[in-house]
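First the structure, in the form of structure tokens, and then the observations on it.
Below, read A as the first sequence line, B as the second, and so on, with proteins coming before strands; counting in each chain starts at 1.
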2 protein chains.
Amino acid sequence: MAAQSQYAELAHQLSAVGAVKRSLARILPAECPGGSAAVLTLLEAHGEMRMSRLSELLAVDMSVTSRHVAHAAQRGWIERSADPADKRSRILRLTPAGQDLLDELARRTTDVFARTLDDWTDDDVGQLNRLLARLLSSFGDSRDRRPDLSYPRTPMRQETPVRHRT
Amino acid sequence: MAAQSQYAELAHQLSAVGAVKRSLARILPAECPGGSAAVLTLLEAHGEMRMSRLSELLAVDMSVTSRHVAHAAQRGWIERSADPADKRSRILRLTPAGQDLLDELARRTTDVFARTLDDWTDDDVGQLNRLLARLLSSFGDSRDRRPDLSYPRTPMRQETPVRHRT
DNA sequence: TATTGTTATACTCTATAACTATA
DNA sequence: TATAGTTATAGAGTATAACAATA
């Protein structure tokens, strides 16, 4: 177990990762928000799957997944076909156009990282990947047997807003 | 320089960090969204400062900072006083109530991490912190001398949405 | 004229809840 | 009755642009 100050720093670093994600988001082509890119990436990595599975991999609610998928499907990047085994389900599959988009995205991502992390060794990136994967797994696992991570929404003072002179 | 597949994995891990951030956000007390918590944390770590400096540290636009600060100020967690040296500026300072809130936040954060990362050593967390700090610095530095990270918003095919049977 | 900060507007991502269709 | 997926609604975060006050 680690020291309290390390936890505080980790919390801060994680919140600061947002800036990096926004940098990466700038390479996204028109009409392709981050949600669509994430959907395409997972379909490429894991092959065709159902909504519910994709939702798990994205680690977001299925309603969110549904909207990302609808967006990508409307633009022809994925197709949704009926599941013969269960008519409630839909099978999601990457289209050639979606694959083209992914290829372009991969080129741009590599471009940005190669430029930005030009002084990182292969091993540096590997270590960060390994630690991040472990972090996600630590949180993901705890989320499954969801214990008592959340707190009551009625804490400390200042429950009623403080009035100030305007 | 690292391999292309490592970059792809890093991109994916970073996008997945969102789930961890949402887990951490669940410990936030009522009335205190993540933006406020970030403002308070930075004021504690760096002491009183102006909006523009805070905006830099948050790595977001000043208009965003302004809204987070207004929220925190309305609840009495920070105070804004005039800068005698420049009447356009405002000096931001943590109040005792804000410090109380921060102390409670630190307790809860430590709690969650201690529970979730119970099999992480001090050194594990330290390494992740070090690599994340370096990542942010690599991106932050490149953002300053902002070269040509962004791409034209008119790429590849599918510029006009594909029509499907509804 | 340039800079500090605020506000209006718009976009993305997310969750909850209500709903449809099928199991 | 329970489950897969969709849609409506609301909340949080962000950026751009227009604006006010001061330098």
task: Return no unless some side-chain N or O of B/Arg80 is found under 4.0 Å from OP1 or OP2 of C/dT6.
output: yes

- prompt: Quick one: is B/Ser89 getting a side-chain N or O under 4.0 Å of the C/dG5 phosphate, OP1 or OP2?
  reply: yes

message: Please tell me if B/Arg88 has a side-chain N or O lying less than 4.0 Å from either OP1 or OP2 of C/dT6.
response: no

field: Length of the line joining B/Glu31:CD and D/dA12:C1', which is rounded to integer Å
entry: 14 Å

- prompt: With a 4.5 Å heavy-atom cut-off, do A/Gln4 and B/Phe113 have their side chains touching?
  reply: no

statement: Closest of C/dT7, D/dG5, C/dT4 to the A/Met62 side chain is D/dG5

- prompt: Would you say D/dA15 has OP1 or OP2 under 4.0 Å from some side-chain N or O of A/Arg22?
  reply: yes

query: Considering only side-chain heavy atoms of A/Met51, which listed nucleotide, C/dA10, D/dT6, C/dG5, is closest?
result: D/dT6

query: Any idea which heavy atoms bring A/Ile27 and A/Leu105 closest together, and the distance?
result: CD1-O, 4.3 Å

field: d(NE2, B/His71; P, D/dG11) in whole Å
entry: 13 Å

query: Does a side-chain N or O from B/His68 land closer than 4.0 Å to OP1 or OP2 of D/dT14, or not?
result: yes

B/Gln127 and B/Asp123: side chain donor to acceptor below 3.5 Å: no

- request: Let me know the distance between CG of A/Leu58 and P of C/dT14, rounded to the nearest Å.
  value: 8 Å

message: Could you check whether B/Trp120 and A/Ser138, counting side-chain N and O atoms only, form a donor-acceptor pair closer than 3.5 Å?
response: yes

message: Between A/Asp111 and A/Arg115, does any NZ, NE, NH1 or NH2 come within less than 4.0 Å of an OD or OE carboxylate oxygen?
response: yes

message: With the threshold set at under 4.0 Å for non-hydrogen atoms, list the residues of residues 33-46 of chain A touching DNA chain C in residue-number order.
response: A/Pro33, A/Gly34, A/Gly35

query: Looking only at heavy atoms, which two atoms of A/Asp124 and B/Arg134 are closest? And how far apart?
result: OD2-NH1, 3.0 Å

message: If I take atom CZ in residue B/Arg90 and atom P in nucleotide D/dA20, what distance separates them, rounded to the nearest angstrom?
response: 17 Å

message: Is it the case that the base of D/dT3 and the side chain of A/Ser52 share a donor-acceptor contact (distance under 3.5 Å, atom types as modelled)?
response: no

- request: May I ask you to test the A/Phe139-B/Leu117 pair for a side-chain heavy-atom distance under 4.5 Å?
  value: yes

field: Rounded distance in Å - CZ (A/Arg67) to P (D/dA10)
entry: 14 Å

- prompt: Please give, in whole Å, the distance from D/dA2 P to A/Asp86 CG?
  reply: 17 Å

- prompt: Within a strict 4.5 Å, meaning less than it, do heavy atoms of the A/Arg75 and A/His71 side chains meet?
  reply: yes

message: Measuring to OP1 and OP2 of D/dT14, would you say a side-chain N or O of A/Arg26 lies under 4.0 angstrom away?
response: no

task: To the nearest Å, give me how far apart CG (B/Asp61) and P (D/dA12) are.
output: 20 Å

message: Can you tell me which nucleotide in C/dG5, C/dT22, C/dA15 comes closest to the side chain of A/Val60?
response: C/dA15

- request: Give one of base, sugar-phosphate or nothing for B/Arg50, where a contact means two heavy atoms less than 4.0 Å apart.
  value: sugar-phosphate

field: Check: B/Ser63 side chain, D/dT16 base, donor-acceptor under 3.5 Å
entry: yes

message: Between P on C/dC11 and CG on A/Leu28, what's the gap in Å once rounded to a whole number?
response: 17 Å

